[in-house]
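In what follows, a single structure is set out as structure tokens and then discussed.
The first residue in the sequence is number 1, and the count goes up from there. Numbering of ligands and ligand atoms starts at 1, following listing order.
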Amino acid sequence: MESLTLKLGGMACAACANRIDRAIQNIPGVIDCHVNFAAEQATVEYNPEKTRAEIIQQGVIDLGYSALPLQDTIASDDNPERVAGGTPQNELNIKLILASAIALLLIIGSLPMMTGFALSWFPRWLHHPWFQLILSTPVQFWCGGQFYRGAWQALKHRTSDMNSLIALGTSAAYFYSVFATFFPTFFTSQGLEPPVYYESSAVIITLILLGRLIERQAKGKTSDAIRKLIGLQAKTARLIRSGQEIDIPIQDVEVGDIIIVRPGEKIPVDGELIEGVSTVDESMVTGESIPMKKLPGDEVIGATINKSGSFKFRASRVGKDTLLAQIVKLVQEAQGSKAPIQKLADLVTEWFVPLVMAIAFITFILWFTLTGNLTLAIITSVSVLVIACPCALGLATPTSVMVGTGIAAQNGILIKGADSLEVAHKIQTIVLDKTGTLTEGKPVVTDYITVLGTADSNEIKLLELAAAIERNSEHPVAEAIVKYAKAQGVSFPLPEVEDFSAIPGAGVQGIVSERLVQVGTSRWLNELGINTEILQSYQNKWAGAGKTTAWIALDGKLSGLVAISDTLKPSSKSAIKALQKMGLEVIILTGDNQETASKIASEVGINRFFAEIRPDGKAAIIKSLQEVRGKKGKSIVAMVGDGINDAIALAQADVGIAIGTGTDVAIAASDITLISGDLHGIVTAIKLSRATMNNIRQNLFFAFIYNIIGIPIAAGILFPFTGWLLNPIIAGGAMAFSSVSVVINALRLREFMAEST
Ligand SMILES: Nc1ncnc2c1ncn2[C@@H]1O[C@H](COP(=O)(O)OP(=O)(O)OP(=O)(O)O)[C@@H](O)[C@H]1O
Ligand SMILES: [Cu+]
Ligand SMILES: [Mg+2]
């Protein structure tokens with residue numbers, strides 16, 4: 001299965017999004033598809049054996065929209081017009097200016113009729129039907145041409161959308177007036193004034209164009225976060241080639257290039273520091289506000305800022321492989337994804353337009369049969385058509401999602417999809433892994449003892465064997481042992497290992513120098529029939545101090561014990577306190593032994609923990625926690641982890657949160673990634689999720705209530721009681737601004753960070 005993200009252009013409303021969605025789903029070989037109206041994006045999963053990206057892209061283009069693969073648009077995002085499609089900005093501006101000018105003239109012209117005053121000084125010709133016809137025709141068909149084109153496109157696919165409503169509504173007003181202009185006697189013979197409503201149509205078109213313009217501008221702001229992220233990138237890099245320092249554009253940097261960075265400069269790409277010492281401000285990418293100390297061997301991240309010293313580093317990831325580029329891609333994909341809460345709005349949108357047309361038709365029939373007044377019947381049904389707004393419904397969720405995921409990214413929190421953003425506000429239980437999550441995951445060996453005692457030269461030999469095995473493992477414990485061996489003077493390179501195997505959650509084994517070496521937990525060694533009694537007292541002492549222990553066995557006999565200590569992250573304790581304060585239950589889940597877990601738990605103020613849990617056991621525990629019934633049904637459980645041993649549990653949890661400094665496996669299995677690994681990110685993510693959901697609910701409420709109240713009023717439901725009729729002009733204005741207000745409300749979310757920090 002492959003996935004493809006297309007940047008779409010030319011969508012007028014949420015119904016367009018639905019139409020594209022359906023068309024893509026119908027392409028053979030397409031497995032799943034999500035179209036996001038606000039982000040103007042389609043995410044498609046397809047079987048590459050049955051279809052190709054170009055076929056899907058062409059499918060969208062055939063519908064009358066533009067579509068470009070997302071990757072192509074990242075590099076040149078400073079030119080959004082290129083991909084925006086639809087009506088170009090300039091043309092829209094000109095149309096709007098022309099339409100407003102004419103609409104104004106028409107309004108002035110119809111002042112006497114509208115106000116009922118006989119204004120004697122008024123130039124009569126301004127009110128002349130033929131004059132109004134000539135003025136309003138270009139507005140109807142040129143300025144409003146996009147509505148006809150949209151409606152026609154929809155009709156070709158046997159659907160209807162916002163454009164259909166506007167085209168139908170304004171046409172009714174316009175052609176009714178044309179009829180009255182050509183055949184005034186039809187009305188005068190009945191003793192009626194010939195009705196002329198040119199100005200209604202022109203004003204409605206003007207207002208809707210204005211609404212679209214404002215909406216487009218506001219919608220542009222919802223992707224501010226992405227633009228800011230892209231803008232972080234450095235433009236040039238100073239590298240050393242054949243002994244010379246040269247400045248080159250960032251696109252030309254290659255993996256392996258040696259790059260110099262001076263204090264105050266931006267680090268151009270990702271790499272490894274090879275010479276010099278410095279501190280680097282990584283807050284813009286990781287959200288971590290404390291500058292990081294960098295020594296040779298440390299990783300540096302592109303787009304972060306070098307603070308104190310000059311250094312050289314070797315580029316390891318460039319172009320679209322850099323952390324920043326990956327973040328941008330992930331966020332763009334997330335912004336285009338659909339939140340489950342949108343389902344209802346989608347369903348309504350699908351039936352909305354035909355329903356509104358039916359209501360308009362009934363309104364017409366009812367008023368005409370009840371009163372026999374053709375003008376009244378036309379005016380009310382036109383009002384119904386132009387006040388109904390499916391756009392507001394379609395925009396309600398995706399705009400908030402876009403702003404929410406963008407803010408998260410700016411704070412070093414990567415949310416992979418709108419569904420995780422939605423679920424996160426319901427989290428009741430947070431399960432934390434220990435090593436690498438609560439702790440730094442950079443453990444060091446603090447104690448070492450062998451069965452034969454310390455004086456024996458066998459000590460260093462045993463360490464060599466253990467290190468040789470551990471070099472093949474990526475467990476933090478393994479790294480600590482290898483480092484320790486090096487520091488103790490074990491000669492490198494280490495001997496070769498045969499038949500290496502790693503038993504997750506237990507340890508590692510292999511043959512070194514024709515001896516069977518096993519390093520792991522006491523439980524595992526016991527299972528293998530190895531007696532660990534002799535060193536048990538050491539284990540008790542060290543584990544009681546919160547250290548992890550690794551047992552070494554040679555040829556099936558216990559030979560030594562290593563204690564490894566890992567410092568708590570400075571932020572862990574306060575983050576846990578904040579989570580508990582929010583009313584969440586926080587639990588530790590670790591593969592490490594009971595004593596160690598118990599010590600760490602009490603240090604950070606957690607009283608519930610599960611220790612000595614194997615990787616599949618971790619998932620089983622998450623499952624059992626999910627089955628606990630709370631007040632609101634099943635518990636929503638989040639798991640936070642960094643290691644390979646956490647991957648299954650991360651996938652099992654309702655929200656899997658990975659530590660960005662952890663393994664790729666964990667990150668791939670998770671829904672949210674905390675780039676810097678600071679656990680405060682969990683607090684922010686949950687708060688942001690709550691804020692976003694509130695925002696979505698407000699948006700949906702406004703969008704629904706607007707239509708539920710607006711349509712009946714436009715249909716004249718109040719007329720029999722209050723004599724109140726909605727002028728179609730006001731209906732059009734209300735419609736134009738309902739979607740604008742939804743987008744603006746979504747933008748309010750941007751104030752979230754300012755409030756919460
Ligand atoms: N490569 C290894 N070398 C030595 N011991 C190991 C190794 N891999 C695992 N172990 C032992 O198995 C235990 C459980 O490992 P596991 O990876 O499941 O959890 P962990 O990383 O210690 O803790 P956490 O689950 O909190 O991240 C470790 O504490 C360690 O004692
Ligand atoms: Cu609308
Ligand atoms: Mg771990």
Side-chain angles (χ1 to χ4, degrees), residues 431-443 445 448 462-463 465-485 497 500-510 517-528 532 535 539 542-543 546-553 559-566 568-569 572 587-601 603-604 606 609-622 639-650 657-659 661-663 665-666 677 679:
V431 181
L432 299 168
D433 164 63
K434 181 181 72 70
T435 318
T437 300
L438 278 172
T439 66
E440 297 278 8
K442 288 179 199 142
V445 173
Y448 171 44
L462 185 62
L463 201 53
L465 297 176
I469 292 281
E470 291 290 25
R471 202 188 34 164
N472 296 288
S473 162
E474 51 179 313
H475 200 277
V477 165
E479 264 172 58
I481 292 178
V482 175
K483 256 196 196 146
Y484 180 68
V497 178
F500 172 83
S501 64
I503 296 96
V508 287
Q509 61 179 10
V517 186
Q518 289 158 322
V519 190
T521 61
S522 59
R523 185 162 138 194
W524 180 51
L525 293 196
N526 291 340
E527 278 167 18
L528 295 170
T532 56
L535 299 177
Q539 138 89 23
W542 294 338
K547 293 174 185 174
T548 302
T549 48
W551 301 71
I552 310 170
S559 304
L561 178 63
V562 181
I564 298 127
S565 118
D566 193 2
L568 278 175
K569 286 180 192 166
S572 292
I587 300 174
I588 293 182
L589 178 55
T590 178
D592 213 337
N593 70 60
Q594 292 286 345
E595 293 92 338
T596 318
S598 147
K599 178 75 175 65
I600 298 286
E603 248 174 71
V604 293
I606 295 179
F609 65 89
F610 298 90
E612 289 174 41
I613 307 294
R614 301 268 166 100
D616 49 342
K618 282 191 169 187
I621 286 187
I622 299 288
M639 162 82 195
V640 192
D642 69 307
I644 301 173
N645 65 338
D646 302 315
I648 318 173
L650 285 170
I657 304 176
I659 299 295
T661 48
T663 58
V665 187
L679 298 186

> Between the main-chain N or O of T596 and the side-chain N or O of K434, is there a donor-acceptor pair closer than 3.5 Å?
Replying inline: no
> Between D566 and G441, is there a donor-acceptor pair closer than 3.5 Å when you use the side chain of the first and the backbone of the second?
Replying inline: yes
>> Polar contacts were defined as any N/O atom of the residue lying under 3.5 Å from an N/O atom of the ligand; does this apply to D642 and ligand 1?
In response: no
> Is G643 near ligand 1, meaning one of its heavy atoms is under 4.0 Å from it?
Replying inline: no
>> Using a strict threshold of under 4.0 Å (side-chain N to carboxylate O), is an ion pair present between E603 and K599?
In response: yes
> At a non-hydrogen distance cut-off of under 4.0 Å, which region of K618 contacts ligand 1 (side chain, backbone, both, or neither)?
Replying inline: side chain
> Atoms of ligand 1 less than 4.0 Å from K434 heavy atoms?
Replying inline: 26 (O)
> What part of T549, side chain from CB on, backbone N/CA/C/O, both or neither, has a heavy atom under 4.0 Å from ligand 1?
Replying inline: backbone
> For the residue pair Q509 and I469, what are the closest heavy atoms and their distance?
Replying inline: C-CD1, 3.9 Å
>> The criterion is side-chain contact (heavy atoms from CB on, under 4.5 Å); which residues satisfy it with I644, sequence neighbours excluded?
In response: E474, T663, V665
> Backbone, side chain, both or neither: what part of V477 comes under 4.0 angstrom of ligand 1, heavy atoms only?
Replying inline: side chain
> Is the shortest distance from a heavy atom of T596 to ligand 1 less than 4.0 Å?
Replying inline: no
> Applying a 4.0 Å heavy-atom criterion (strictly less than), which segment of A502 is in contact with ligand 1: side chain, backbone, both, or neither?
Replying inline: neither
>> Pairs of nitrogen or oxygen atoms closer than 3.5 Å, one from G591 and one from ligand 1: do any exist?
In response: yes
>> Among residues at least two apart in sequence or on other chains, which ones pass side-chain contact (heavy atoms from CB on, under 4.5 Å) with A597?
In response: T590, F609, A611
> Okay, side chain of E612, backbone of Q594: is any donor-acceptor separation there less than 3.5 Å?
Replying inline: yes
>> Would D433 count as a polar contact of ligand 1, with the cut-off being nitrogen or oxygen pairs under 3.5 Å?
In response: yes
> Taking only heavy atoms of G520, which atoms of ligand 1 are found under 4.0 Å from at least one of them?
Replying inline: 5 (N)
> Taking the non-hydrogen atoms of G436, is any one of them nearer than 4.0 angstrom to ligand 1?
Replying inline: no
>> As a quick check of understanding, evaluate side-chain contact (heavy atoms from CB on, under 4.5 Å) for E470 and Y484, giving each step before the final call.
In response: CA-CA 11 Å; E470 291 290 25; Y484 180 68; over 6 Å; no
> Just by modelled atom types, is the L432 backbone N or O under 3.5 Å from a matching donor or acceptor in the T437 side chain?
Replying inline: no
> Under 4.0 Å from ligand 1, counting heavy atoms only, is it the side chain of D592, its backbone, both or neither?
Replying inline: both
> Counting heavy atoms only, which part of H475 comes closer than 4.0 Å to ligand 1: side chain, backbone, both or neither?
Replying inline: side chain
> Counting from 1, what ligand 1 atoms have a heavy atom of S473 closer than 4.0 Å?
Replying inline: 1 (N)
>> Between T439 and G436 (side chain of the first, backbone of the second, donor and acceptor by atom type, cut-off under 3.5 Å), is there such a pair?
In response: yes
> Out of T549, T521, T435, T548, which residue meets the side chain to side chain donor-acceptor pair (under 3.5 Å) rule with D592?
Replying inline: T548
> Under 4.0 Å from ligand 1, counting heavy atoms only, is it the side chain of T548, its backbone, both or neither?
Replying inline: side chain
> Going by distance only, is there an N or O of T435 that falls short of 3.5 Å from an N or O of ligand 1?
Replying inline: yes
>> Taking only non-hydrogen atoms of R614, do any sit less than 4.0 angstrom from ligand 1?
In response: no
